[in-house]
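Residue numbering restarts at 1 for every chain, and letters A, B, ... go by the order of the sequence lines.
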Protein chains: 2
Amino acid sequence: MPTATASSNPTETQSGRERILAAAAQRFLEAGYVETSLRDLAADVGMKAGSMYYHFESKDALLIAVLERGMTFMVEAFEGVVEQFAAADPPDAERRLTAHITAHLRALHDNRAFTAGHVTLFRTAPEAVREAVLPLRDDYEARWTDLLADVLPDRPIGDLTMLRLGLFGAMNASIEWLDTGRGTVDRFARLIAAQFWYGVGSGAPSNTAGKGKR
Amino acid sequence: MPTATASSNPTETQSGRERILAAAAQRFLEAGYVETSLRDLAADVGMKAGSMYYHFESKDALLIAVLERGMTFMVEAFEGVVEQFAAADPPDAERRLTAHITAHLRALHDNRAFTAGHVTLFRTAPEAVREAVLPLRDDYEARWTDLLADVLPDRPIGDLTMLRLGLFGAMNASIEWLDTGRGTVDRFARLIAAQFWYGVGSGAPSNTAGKGKR
DNA sequence: GTCTATACTTGGATAGAC
DNA sequence: GTCTATCCAAGTATAGAC
């Protein structure tokens with residue numbers, strides 16, 4: 001039954017609404033929001049433009065649905081890591097952070113069509129859309145803020161905010177260059193996590209063990 | 001005289017073309033490319049839509065001009081650092097990288113209207129626009145690729161590429177959150193440079209000297 | 001649930017007067 | 001150099017038949 005949950009379980013083939021949503025996510029990602037017409041979208045799912053309004057009340061509503069699902073994926077991934085560590089011993093800071101970075105990147109790329117919109121088209125989305133989705137985004141960001149504060153207790157809040165935004169930038173930009181087909185998401189995750197924690201300048205755990213000399 | 005150079009020297013007030021370019025850059029940044037109409041743009045500079053075509057042959061040409069100027073600013077900033085170090089002793093790797101990161105971020109934010117387009121709207125720009133601007137972007141990226149290879153000689157090429165893309169992501173995303181009015185560009189530059197080189201996990205030079213413990 | 005037909009709006013671009 | 005007027009294309013959204 002169609003809960004708002006991200007997990008897709010199409011009983012038969014797939015509901016009309018679901019097929020529209022998937023097609024919209026894909027088109028919005030590749031071409032952008034305004035650039036995508038309802039006519040194109042309808043054609044993708046074998047319908048006519050007018051029929052879309054039976055499933056969604058407007059084009060904006062469609063984008064909102066896409067972005068909501070995208071953020072649901074991200075939150076679920078974050079919570080997955082939290083639960084994974086809940087059972088274990090008090091987790092080592094670096095391992096914990098690495099696990100979250102990996103989870104973020106996997107969720108981002110595994111559900112690319114839905115999640116990428118937050119990177120590429122949230123900023124210029126219609127006011128009504130941004131307003132509707134903002135609480136979900138704030139919620140996700142708050143989890144990361146708490147995580148970083150927890151893992152870097154000595155840092156002033158200003159540093160933490162900037163570090164989080166820098167890390168998000170590094171991770172999310174990968175939407176635009178990381179080819180998921182080549183399965184390098186995990187490699188990038190390891191690299192960026194090590195870089196974030198150890199830096200690149202000192203002898204750090206890496207593919208080639210650094211000499212420690214600069 | 002109107003060379004393609006980024007440096008602006010309006011002899012009188014400012015040429016029509018120049019005023020249009022500035023207004024376009026601003027509008028494209030705030031609202032997006034398709035969302036901005038030539039009618040709005042014309043109104044900004046006190047003209048009518050039809051008059052725009054005396055200065056630019058199409059809307060696409062306008063965007064190309066904005067992006068070209070933006071990239072010119074970035075390249076000039078990079079070269080500025082190169083020259084600065086050319087006169088000095090063989091530069092320390094960390095200082096050199098920090099200088100380039102700072103220059104990149106300053107150029108990015110000081111000329112925000114022109115440079116931000118490369119972050120926010122290049123990806124979904126019309127094919128013709130991307131094609132026209134790509135060589136300039138490739139040129140700039142090549143400089144960074146060389147810089148990183150120079151500064152991190154032990155790293156495999158795959159690492160270097162990903163590190164560069166991660167760093168670009170972190171820096172460029174600041175377009176979307178860093179309020180230039182508050183003059184925190186330099187602080188972010190110092191923070192991100194230190195983070196990139198030393199990491200956040202060990203006792204690194206920072207606002208609060210880390211204890212080295214996690 | 002999906003179709004056809006259409007109303008309504010907006011935008012890029014051109015032509016020719018001033 | 002700028003204006004007015006206009007052409008033409010495209011898009012969102014609605015109404016009502018099937």
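Computed from coordinates, the B/Leu41 CG to C/dT10 P distance equals 18 Å when rounded to whole Å. Distance, A/Ile20 CD1 to C/dG1 P: 11 Å, rounded to whole Å. For the pair B/Lys48 NZ and C/dT14 C1', the interatomic distance rounds to 18 Å; values are reported in whole Å. Going from atom NE2 of A/His55 over to atom C1' of C/dT2 covers 8 Å, rounded to whole Å. Between the CE atom of A/Met52 and the C1' atom of C/dT2 there is a distance of 12 Å, given to the nearest Å. Taking atom CZ on A/Phe56 and atom C1' on C/dT2, their separation rounds to 16 Å, with Å as the unit.
Taking the six-membered ring wherever Trp is involved, the centroid distance between the rings of A/His104 and A/Phe78 does not fall below 6.0 Å. Here B/Trp177 and B/Phe188 bring their ring centres to under 6.0 angstrom of each other.
When B/Thr124, B/Asp60, B/Thr120 are each tested for a side chain to side chain donor-acceptor pair (under 3.5 Å) with B/Tyr33, only one passes: B/Asp60.
With salt bridges taken as basic N to acidic carboxylate O contacts below 4.0 Å, none links A/Arg137 and A/Glu68. Ionic pairing of A/Asp139 and A/Arg143 is present here: one or more N-O contacts between side-chain nitrogen and carboxylate oxygen are shorter than 4.0 angstrom.
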Could you list the donor-acceptor pairs under 3.5 angstrom formed by side chains in residues 44-54 of chain A, with sequence neighbours left out?
{"residue": "A/Asp44", "atom": "OD1", "partner": "A/Arg27", "partner atom": "NH2", "Å": "3.0"}
{"residue": "A/Asp44", "atom": "OD2", "partner": "A/Arg27", "partner atom": "NE", "Å": "2.6"}
{"residue": "A/Ser51", "atom": "OG", "partner": "A/Lys48", "partner atom": "O", "Å": "3.4"}

Report summary line: With B for base contact, S for sugar-phosphate-only contact and - for none (protein heavy atoms under 4.0 Å), nucleotides 10-16 of chain D reads -BBBB--

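Here B/Tyr54 reaches the OP1 or OP2 of D/dG1: one of its side-chain N or O atoms lies under 4.0 Å away.
When distances are taken from the side chain of B/Met47 to each of C/dG1, C/dT4, D/dT2, the shortest belongs to D/dT2.
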